[in-house]
Amino acid sequence: MSPFDKEVLERVLYRCSCGSKKPISSLYFCRHCLDLRCGFCVSHEVDSHYCPNCMENMPSAEARLKKNRCANCFDCPHCSHTLSTRASSVSVPSQEDPSKTTAKKVYYLACAFCRWTSRDIGLPDQNVASGAWPEQTNPFSERISTLQEHYRGIAQREKMEKESRRFLGRKLSYLQLSDKFGLSSVVSRKRSGLSSLSLGASLSGREELGRPVEVAPADPVSLNEIIDLPTELLSDPVDLFDVTTLDQRFAQLDFQPENFKNIYPTHKHLMIKRSQRCRRCEHNLSKPEYNPTSIKFKIQLAAYYHVPDIILYKIENLIQGNVSKFIIKVVNPTNSGSVMEFVSLERYKEMKEEEERIKKEKGETEEKPVSAINPLRQPSIVEATDQSIDLATAEVILPDGQVYLPPRDDAAEFDDGGVDLAGHVDNRDIVVWRKSNKVGIQMKVKPCQERVVVGFAIQYQYTNTVFALDSKEVHTATLRVPVFLTLGEAK
């Protein structure tokens, strides 16, 4: 079993600030709010678009114009893998002597996975490797673009009307609400031979807010003219190897070919590089480099760089009603030493309630961090339902006292000396072994059900390396994070 399997990752879950449970690899840590953030607690921003095959970077406006597809790369219509350009030679008459033939280099598209080629559907070869491959034309493209322009104008009109009502306090009349999209008025005026009204024209005499409506209803089609199913389906046997699958048809929604002879190569979808911000303070938690060939990050505040990582190291046989031992490995990922202790979930809730009660008695309110983008706006996070309620199914006996976690030192494995405990003394009943910034801690559990899940909170000292604007001092904070471990099945 791979250590990156979902079943392995979810054996140790951390409780996010919003109430959801996630593995540490799926969490971020905001150094300004000093709290965990999951995928629901961050806002996503698109930094750049690029093609995953040719690595061409593309601005957002150009990507929108090309419908988020690369103009030079193609996907196989049969298996959706990337098509490669192959070269071959064909004999053509010589321009100097027509009675002789010369070799000419031509190019075609081929799939290295399923062996599909552009010659299978009769696509002509090109003279250049990056030639313009012929594409199908949608007969309804002009109608679709007209409708898009029409409803884009309507959206602009509604936006401007909403702004005008906000500042001027005007309300829409009944006639405007009854004909929101303006189609009935267009049809009635065209029948009488009059010109079409504008989007912004109204009975109140306001200024025009949009472009004129130039969309007519589609031409009706008689049901008798629609081609029915071919009669060959009732008489001839169906060759399933020549019929396209639903995935192949959905990949070409404009045409939805039924047979393999009608499938064409599709342009490759673009991919994006995105940055993620904390929804509360709007500081960046993850920001990749702009170059599409680079896998590095300018900012990467992943939780496993700031929160102690807990790993299940050794578990004894679990028997219901009996006390069993298990060992966890705790890793300190920071460059500063920390002191950690274990707190039960009941004690953790009492400490949270006590802190809130003290704040209410002192009349203090929760300080909301100022937005990093707009100081006038106070963003917030909506807390989800606590998923840790009644999750623990076993009684865990937590060790008393504190455990010192040495700082991370990349050169510690080459040092022959022991671990520097900075004056702390280990309890040999709790600390089983040490190595560099890793420590093995022994715990006890008493299973009550077949599935054994224990829950507790870790309290540790975090050294914040983000300096405040008014001082250059290093701030230390005490943080608490609930953790849930799935030990397995009890006998």
Side-chain angles (χ1 to χ4, degrees), residues 1-31 33-44 274-280 284-288 295 297 299-315 318 326-334 338 340 342-345 348 381-394 396 398 403 405 408 437-441 443 445 449 451-460 462 479-489:
M1 184 179 293
S2 172
F4 302 102
D5 290 345
K6 183 179 179 180
E7 182 180 354
V8 177
L9 292 175
E10 292 184 351
R11 296 198 69 174
V12 180
L13 297 176
Y14 291 72
R15 183 185 180 273
C16 177
S17 58
C18 67
S20 59
K21 308 187 312 301
K22 301 287 182 181
I24 193 173
S25 58
S26 303
L27 293 173
Y28 296 92
F29 182 81
C30 182
R31 294 188 295 181
C33 303
L34 296 179
D35 217 338
L36 293 179
R37 298 285 183 256
C38 64
F40 302 105
C41 306
V42 297
S43 57
H44 305 266
R274 61 180 181 178
S275 60
Q276 301 178 11
R277 292 181 180 271
C278 173
R279 286 186 181 271
R280 190 173 185 185
N284 272 318
L285 300 180
S286 174
K287 188 175 182 61
I295 60 173
F297 288 85
I299 301 174
Q300 178 70 341
L301 300 181
Y304 48 76
Y305 291 136
H306 304 274
V307 181
D309 188 9
I310 298 178
I311 303 171
L312 291 174
Y313 185 76
K314 183 179 180 181
I315 304 174
L318 301 175
F326 68 96
I327 301 176
I328 61 173
K329 181 175 72 173
V330 184
V331 183
N332 182 17
T334 61
S338 177
M340 185 184 68
F342 299 94
V343 182
S344 63
L345 294 179
Y348 169 76
I381 296 177
V382 178
E383 291 192 6
T385 304
D386 190 358
Q387 300 179 3
S388 61
I389 300 176
D390 299 332
L391 181 63
T393 61
V396 60
L398 298 176
V403 179
L405 300 178
R408 179 175 61 88
N437 61 330
K438 307 175 185 65
V439 56
I441 301 176
M443 293 185 178
V445 60
Q449 299 180 12
R451 186 170 181 266
V452 182
V453 179
V454 298
F456 54 87
I458 56 173
Q459 178 176 296
Y460 64 99
Y462 174 72
L479 304 181
R480 305 182 190 92
V481 180
V483 182
F484 298 90
L485 308 180
T486 303
L487 302 181
E489 303 292 336

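The figures that follow rest on heavy atoms only: side chains count, while hydrogens, waters and symmetry mates do not.
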- Task: Kindly assign one of parallel, tilted or perpendicular to the pair F29 and H306, based on the angle between their ring planes and the thresholds 30° and 60°.
- Result: parallel
- Task: Check T334 against Y305 and note the closest heavy-atom contact, atom names and distance.
- Result: CG2-O, 3.7 Å
- Note on the structure: When rounded to the nearest 0.5 Å, the distance separating SG of C18 from CG of D35 is 9.5 Å
- Item | Residue list, salt bridge (Lys or Arg N to Asp or Glu O under 4.0 Å) with K287, at least two apart or on another chain | D47
- CZ of F456: more than 12 outside heavy atoms within 6.0 angstrom? yes
- Message: Would the distance check show the side chain of N332 and the main-chain N or O of N437 forming a donor-acceptor pair, the cut-off being under 3.5 Å?
- Response: no
- Message: Contact between V307 and L36 at the side-chain level, heavy atoms closer than 4.5 Å - yes or no?
- Response: yes
- Value rounded to 0.5 Å, distance of CZ in R37 from CZ in R280: 6.5 Å
- Measure the CE-CD1 distance between M443 and I327 for me, rounded to the nearest 0.5 Å. 11.0 Å
- Task: Over all heavy atoms of both residues, which pair between Y14 and I310 is shortest? Give the atoms and the distance, please.
- Result: OH-N, 3.1 Å
- Item | E10 to L13 - nearest heavy-atom pair and separation | O-CG, 3.5 Å
- Query: Got C278 and C33 here, is their nearest side-chain heavy-atom distance under 4.5 Å?
  - Reply: yes
- side-chain contact (heavy atoms from CB on, under 4.5 Å) between L345 and F484, intermediate numbers included: CA-CA 10 Å; L345 294 179; F484 298 90; 3.8 Å; yes
- Message: In the structure I gave you, are the side-chain heavy atoms of Y460 and V481 within less than 4.5 Å of one another anywhere?
- Response: yes
- Message: Please give me the minimum heavy-atom distance between A394 and V445, naming the atom from each residue.
- Response: CB-CG2, 3.8 Å
- Message: Any heavy-atom pair between the side chains of V330 and D309 that's under 4.5 Å?
- Response: no
- State, with a plain yes or no, whether a side-chain heavy atom of L301 is found less than 4.5 Å away from one of C30. no
- Could you walk me through whether L391 and K21 pass side-chain contact (heavy atoms from CB on, under 4.5 Å), step by step? CA-CA 11 Å; L391 181 63; K21 308 187 312 301; 3.2 Å; yes
- Message: If I take atom CZ from residue R277 and atom CD1 from residue I299, how far apart are they, to the nearest 0.5 angstrom?
- Response: 8.0 Å
- Item | Short side-chain to backbone donor-acceptor contact, R408 and P333, under 3.5 Å | yes
- Query: Where do I441 and M340 land on the side-chain contact (heavy atoms from CB on, under 4.5 Å) test, with the steps shown first?
  - Reply: CA-CA 11 Å; I441 301 176; M340 185 184 68; 4.0 Å; yes
- Item | side-chain contact (heavy atoms from CB on, under 4.5 Å) assessment of V452 paired with F326 | CA-CA 12 Å; V452 182; F326 68 96; over 6 Å; no
- Message: Keeping R451 on the side-chain end and E489 on the backbone end, is there a donor-acceptor pair under 3.5 Å?
- Response: no
- Message: Whether the side chain of R480 engages the backbone of I458 through a donor-acceptor N/O pair (distance < 3.5 Å, no angle test) should be reported.
- Response: no
- Determine the minimum heavy-atom distance between S286 and Y28, stating which atoms define it. CB-CE2, 3.9 Å
- Query: Got V12 and I311 here, is their nearest side-chain heavy-atom distance under 4.5 Å?
  - Reply: no
- Note on the structure: In short, C38 meets L27 closest at the heavy-atom pair CB-CD2, 3.7 Å
- Query: Which value, rounded to the nearest 0.5 Å, describes the distance between Q276 atom CD and Q300 atom CD?
  - Reply: 8.0 Å
- Message: Strictly distance-based, threshold 3.5 Å: is any side-chain N or O of T393 a donor or acceptor partner for the main-chain N or O of V453?
- Response: yes
